[in-house]
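These notes are about the structure you will find just below.
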Amino acid sequence: MQPINADKAPEALGPYSHGVKTGNLFFSSGQIPLTKEGEIISEDVKEQTGQVMRNVGHVLEAAGLSFDNIVKTTIFIADMNDFPHINEVYGSYFQGKLPARSCVEVSRLPKDVQVEIEVVASME
């Protein structure tokens with residue numbers, strides 16, 4: 001198991017790595033809409049989703065991967081009514097091959113943000 005931490009992503013909020021490589025797989029921790037400086041980017045769910053996806057990209061890059069390597073995503077959202085807006089931004093990050101995905105409404109997310117996304121990627 002090899003922990004991965006991305007210099008371009010905000011620091012982890014607790015005792016965990018941004019992601020972990022094991023075998024042929026990479027598992028990311030959930031990314032929330034924090035800037036590198038640790039500030040919530042905005043209250044707008046589309047802007048939050050864009051920041052989350054940029055953070056996911058930074059973590060993938062630190063692992064030597066890209067969005068093309070993602071095989072599964074899990075999206076946690078505070079309000080299912082925001083799903084169309086989140087889906088629009090999320091979808092703009094994928095070309096061609098689309099990963100499997102789950103989306104779950106939760107009662108609360110860290111720092112009371114509106115969206116959190118974690119990914120599983122193939123090292124192949």
Side-chain angles (χ1 to χ4, degrees):
M1 186 173 87
Q2 178 186 355
I4 301 293
N5 286 296
D7 293 337
K8 295 179 184 176
E11 286 187 29
L13 297 177
Y16 59 88
S17 301
H18 285 133
V20 175
K21 288 182 182 181
T22 184
N24 288 331
L25 294 175
F26 172 77
F27 297 86
S28 82
S29 294
Q31 296 299 305
I32 62 174
L34 297 180
T35 64
K36 168 71 174 135
E37 297 74 33
E39 301 295 324
I40 297 172
I41 187 142
S42 164
E43 293 300 317
D44 180 79
V45 72
K46 288 174 105 174
E47 290 180 17
Q48 284 198 9
T49 305
Q51 184 64 50
V52 168
M53 295 302 286
R54 286 188 292 278
N55 290 344
V56 168
H58 295 320
V59 172
L60 288 167
E61 180 184 0
L65 302 169
S66 73
F67 285 96
D68 290 337
N69 296 97
I70 296 175
V71 295
K72 171 75 167 73
T73 64
T74 305
I75 304 173
F76 303 96
I77 61 177
D79 184 348
M80 194 58 79
N81 292 315
D82 289 332
F83 180 75
H85 305 297
I86 293 167
N87 198 46
E88 178 185 340
V89 176
Y90 167 92
S92 71
Y93 282 81
F94 297 98
Q95 310 299 320
K97 298 184 297 182
L98 299 174
R101 178 180 76 184
S102 299
C103 181
V104 181
E105 181 182 75
V106 296
S107 64
R108 194 167 179 204
L109 290 165
K111 295 194 172 272
D112 293 316
V113 299
Q114 298 174 60
V115 59
E116 177 175 1
I117 299 174
E118 64 182 24
V119 303
V120 177
S122 172
M123 301 295 294
E124 297 177 353

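Since the model is a prediction, treat every value here as computed from it, not as a measurement.
Both Leu13 and Val113 are part of a single hydrophobic cluster, where members link through side-chain heavy atoms under 4.5 Å apart.
Contact detail for Glu43 and Gln48: the closest heavy-atom pair is CA-NE2, 3.9 Å.
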### Message
side-chain contact (heavy atoms from CB on, under 4.5 Å), that's the test. Do Asn5 and Ser17 meet it? Break it down for me.
### Response
CA-CA 6 Å; Asn5 286 296; Ser17 301; 4.0 Å; yes

### Task
Start with the C-alpha distance between Phe26 and Asn69, add both sets of side-chain angles, then the distance that settles side-chain contact (heavy atoms from CB on, under 4.5 Å), and finish with yes or no.
CA-CA 9 Å; Phe26 172 77; Asn69 296 97; over 6 Å; no

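Side-chain atoms of Lys21 come within 3.5 Å of backbone atoms of Ala63 as a donor-acceptor pair (strictly under, hydrogens ignored). His18 places no side-chain N or O within 3.5 Å of a backbone atom of Pro3 that could act as its donor or acceptor partner. Remark: side-chain polar atoms of His85 are not paired, donor with acceptor, to backbone N or O of Val45 under 3.5 angstrom.
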Counting only pairs under 3.5 Å, give me each side-chain donor-acceptor contact of residues 92-99, with atom names and distances, residues two or more places apart or in other chains.
residue : atom : partner : partner atom : Å
Ser92   : OG   : Val89   : O            : 2.6
Gln95   : NE2  : Ser92   : O            : 3.4

Pairs of donor and acceptor atoms involving the side chains of residues 77-84, under 3.5 Å and at least two apart or interchain, shall be tabulated with distances.
residue : atom : partner : partner atom : Å
Asp79   : OD1  : Asn81   : N            : 2.9
Asp79   : OD1  : Asn81   : ND2          : 3.1

Run the side-chain donor-acceptor check on residues 30-41: report pairs under 3.5 Å with partners two or more places apart or on a different chain.
residue : atom : partner : partner atom : Å
Gln31   : NE2  : Ser29   : O            : 3.4
Thr35   : OG1  : Glu37   : N            : 3.3
Thr35   : OG1  : Glu37   : OE1          : 3.3
Thr35   : OG1  : Glu39   : N            : 3.2
Thr35   : OG1  : Glu39   : O            : 3.4
Lys36   : NZ   : Asp7    : O            : 2.8

Under 3.5 Å, which donor-acceptor pairs link side chains of residues 115-124 to any protein atom two or more places apart or in another chain?
residue : atom : partner : partner atom : Å
Ser122  : OG   : Glu124  : N            : 3.1
Glu124  : OE2  : Asn24   : ND2          : 3.1

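Using a 4.5 Å cut-off on side-chain heavy atoms (C-beta onward), Asn87 and Arg101 make contact. Within the 4.5 Å cutoff, no side-chain heavy atoms of Thr49 are placed close to those of Ile75. No side-chain heavy atom of Tyr90 sits under 4.5 Å from any side-chain heavy atom of Val52.
Summarising the geometry, atom CE belonging to Met53 is positioned 8.5 Å from atom CG belonging to Leu60; distances are rounded to the nearest 0.5 Å. Here the OG-CD1 distance, from Ser28 to Ile70, works out to 7.5 Å after rounding to the nearest 0.5 Å. Note that CZ of Phe76 and OG of Ser107 are 12.0 Å apart. Values are rounded to the nearest 0.5 Å.
The neighbour count for Glu11 CD, taken as heavy atoms of other residues, nucleotides or ligands under 6.0 Å away, does not exceed 12.
With sequence neighbours excluded, no residue forms a salt bridge (charged side-chain N to carboxylate O under 4.0 Å, His left out) with Lys111. Every residue two or more places apart in sequence or in another chain that forms a side-chain hydrogen bond (donor to acceptor under 3.5 Å, both in side chains) with Glu47 is listed here: Ser42.
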